[in-house]
Amino acid sequence: MSIRIAEEIINGRRLNREDDLAFFMEEDLDSLCRGADEIRRRLRGDRADLCSIINGRSGRCGEDCKFCAQSSCHNAKINEYPFLEPEEILEDCRRHERQGVGRYSVVTAGRALNGREMDLALRAYRSMKENCKIELCASHGLLSQEDFYRLAEAGISRYHANIETSRRNFPNICTTHTYDDKLEVIRRARNAGLAVCSGGIIGMGETWEDRVDMAFSLYEMEIKSIPINILQPIPGTPFGTLPPLSEEEILRTIAMFRYINPDAEVRLAAGRNSMEHSGKKVFTAGANAAITGDMLTTSGNNIADDMAMLTSMGFEV
């Protein structure tokens with residue numbers, strides 16, 4: 001059944017919330033993944049997109065997201081530091097560009113970046129835009145409309161703002177801001193002419209219905225870069241004792257996102273090391289993008305190894 005639906009999607013059909021979606025759970029995993037991979041190959045080609053991020057400001061976040069080690073509401077042990085100097089960010093960006101990464105993003109903890117730290121960020125972005133050819137992204141929380149205009153002027157082309165989960169489940173993971181706050185940030189970023197990268201985290205106790213809802217919400221917002229993070233339970237956070245997802249469940253979820261978002265970059269993000277061979281199998285289940293290199297509060301993947309793996313699978317990185 002999944003192969004037939006995949007062919008229909010390739011020929012123009014798009015799934016909707018009223019469709020019978022039981023096949024996501026009932027179909028043989030190999031068949032489901034083959035269909036997702038064929039959708040990826042026929043509609044997106046064999047190009048794989050790699051991006052890297054730097055943790056521009058760590059810890060001291062007043063938001064209470066239960067998955068996050070950087071929240072001051074929890075007791076996780078992490079390094080805390082203020083916004084990095086623009087020269088340090090520029091050098092890191094150059095290092096990633098030399099290794100062939102196509103996008104580079106500065107990510108900061110906290111509700112929003114403002115004041116002197118926003119000024120430092122804008123200096124860093126202008127310097128990277130002047131000295132590098134790499135595409136620039138940013139992730140600085142719930143910014144004002146004016147701040148988005150400033151980011152665009154400084155050279156940012158894409159803004160990252162995860163919706164994290166379904167609307168129904170969102171209050172179970174965060175109470176200091178809302179799902180609608182997230183949607184407003186996406187709207188403001190687009191008003192400033194920026195593309196949007198938005199996805200979420202799986203393994204936070206959500207149901208399959210929550211994952212389906214998140215996938216459809218991203219499709220309805222026409223999001224074209226969808227990072228899927230696999231929760232890495234961090235001691236000291238409320239989700240620190242949750243059981244890890246099985247590789248089969250991860251693959252089934254990635255495939256589902258491809259069926260629902262056939263034209264998007266489905267990007268494997270944090271948690272890849274919970275899978276064999278750095279998540280190699282997800283690139284046969286519909287994924288065509290990844291975050292590579294050092295990653296925030298979870299270990300990342302070596303850029304050269306990722307490029308070699310994807311090239312060996314027939315992707316053009």
Side-chain angles (χ1 to χ4, degrees), residues 40 44 47-56 65 67-68 93 96-97 101-110 112-113 121 125 128-129 134-143 147-148 151-152 154-166 170 177 179 181-202 211 214-230 253-254 257-258 260-272 279 282-283 286-296 298 300-301 306 317:
R40 184 274 306 165
R44 295 291 303 177
R47 182 179 179 275
D49 183 83
L50 291 179
C51 64
S52 291
I53 61 180
I54 185 172
N55 193 4
C65 304
F67 56 83
C68 187
C93 179
H96 283 86
E97 184 174 49
V101 173
R103 286 187 172 272
Y104 182 81
S105 180
V106 182
V107 180
T108 51
L113 200 64
Y125 291 132
M128 288 186 284
K129 186 67 175 177
I134 198 168
E135 291 291 323
L136 299 178
C137 307
S139 183
H140 302 311
L142 309 178
L143 299 181
D147 281 334
F148 278 111
L151 287 177
I156 294 299
S157 61
R158 180 185 285 176
Y159 194 74
H160 173 255
N162 277 350
I163 59 173
E164 309 297 7
T165 187
S166 68
F170 194 91
H177 57 269
Y179 188 87
D181 288 334
K182 293 283 194 174
L183 300 188
E184 176 62 16
V185 163
I186 291 172
R187 185 187 68 82
R188 291 174 184 172
R190 284 177 161 165
N191 283 347
L194 302 180
V196 172
C197 176
S198 183
I201 305 171
I202 60 174
R211 294 177 195 171
M214 178 169 68
F216 274 117
S217 295
L218 295 166
Y219 172 73
E220 289 158 2
M221 289 188 287
E222 300 182 343
I223 301 296
K224 297 305 182 185
S225 174
I226 301 176
I228 305 298
N229 299 269
I230 304 156
T253 302
I254 294 292
F257 269 83
R258 173 56 68 196
I260 295 174
N261 294 273
D263 301 307
E265 291 173 348
V266 178
R267 186 179 305 274
L268 191 60
R272 292 172 58 191
V282 300
F283 297 100
N288 65 334
I291 299 178
T292 187
D294 297 334
M295 294 176 60
L296 295 180
T298 61
N301 296 76
D306 276 347
V317 181

Study note, to complete from the structure: When every non-hydrogen atom of G286 is compared with those of R40, the smallest separation belongs to O-CG, 3.7 Å
**Study point:** Rounded distance [0.5 Å steps], CG in L183 versus OG in S217
**Key:** 8.0 Å
Review point. Less than 4.5 Å apart, any side-chain heavy atom of Y179 and any of T165?
Key: no
Check your understanding: OG1 of T292 to CG of L50: how many Å apart, nearest 0.5 Å?
Key -> 5.5 Å
Exercise for review: Please test F170 against I163 for side chain to side chain contact (heavy atoms under 4.5 Å, CB included), starting from the C-alpha separation and ending with a verdict.
Suggested key: CA-CA 8 Å; F170 194 91; I163 59 173; over 6 Å; no
Check your understanding: Looking only at atom types and distance, does a side-chain atom of N229 sit under 3.5 Å from a main-chain N or O of A269, one as donor and one as acceptor?
Key -> no
Revision key, fill the gap. Output for pair (E222 CD, N261 CG), nearest 0.5 Å, gives 11.0 Å
Check your understanding: Given side chains that start at C-beta, do those of F257 and M214 come closer than 4.5 Å, heavy atoms only?
Key -> yes
Exercise for review: State, with a plain yes or no, whether a side-chain heavy atom of V196 is found less than 4.5 Å away from one of M221.
Suggested key: no
Practice item. Hey, could you give me each pair passing salt bridge (charged side-chain N to carboxylate O under 4.0 Å, His left out) that has a residue in residues 186-202? Not counting sequence neighbours. Key: E184-R187, E184-R188
Review point. Is the H96 ring parallel, tilted or perpendicular to the Y104 ring (thresholds 30°, 60°)?
Key: tilted
Practice item. Anything under 30° is parallel, anything over 60° is perpendicular, the rest tilted; go ahead and classify Y125 against H140. Key: tilted
Practice item. Using a 4.5 Å cut-off on heavy atoms from C-beta on, say whether the side chain of R103 contacts that of S225. Key: no
Review point. What are the two closest non-hydrogen atoms of I226 and G199, and how far apart are they?
Key: CG2-CA, 4.2 Å
Study note, to complete from the structure: Nearest heavy-atom contact between I186 and S198 is CD1-OG, 3.9 Å
Point to revise | Any donor-acceptor pair under 3.5 Å from R258 side chain to A264 backbone | key: yes
Revision key, fill the gap. In this structure, CG of L151 is separated from OG of S157 (nearest 0.5 Å) by 11.0 Å
Check your understanding: Hey, are the side chains of P227 and C197 touching, using non-hydrogen atoms and a 4.5 Å cut-off?
Key -> yes
Check your understanding: So do the side chains of R47 and N288 get within less than 4.5 Å of each other, counting heavy atoms only?
Key -> no
Revision key, fill the gap. Value for NE2 (H160) from CG (L194), rounded to nearest 0.5 Å, stands at 14.0 Å
Review point. Passes side chain to side chain contact (heavy atoms under 4.5 Å, CB included), I230 versus L268? Steps please.
Key: CA-CA 8 Å; I230 304 156; L268 191 60; 4.1 Å; yes
Revision key, fill the gap. So CZ of R211 and CD1 of I254: to nearest 0.5 Å the spacing works out to 10.0 Å
Check your understanding: Are any of the side-chain heavy atoms of V282 and V266 separated by less than 4.5 Å?
Key -> no
Exercise for review: Salt-bridge test for R272 and D306: reply yes if a basic N is under 4.0 Å from a carboxylate O, no otherwise.
Suggested key: yes
Point to revise | Any residue meeting ring-ring contact (aromatic ring centres under 6.0 Å, His included) with F67, in chain and number order, not counting sequence neighbours | key: none
Revision key, fill the gap. Looking only at heavy atoms, the pair that brings K129 and A154 closest together is CB-O, 3.9 Å
Check your understanding: What are the two closest heavy atoms between L142 and D181, and how far apart are they?
Key -> CD2-O, 4.1 Å
Exercise for review: Taking R44 for its side chain and D263 for its backbone only, find out whether a donor-acceptor pair lies under 3.5 Å.
Suggested key: yes
Point to revise | For D147, salt bridge (charged side-chain N to carboxylate O under 4.0 Å, His left out) partners two or more places apart | key: R150
Study note, to complete from the structure: Heavy atoms of A138 and Y159 approach each other most closely as O-CD1, 3.3 Å
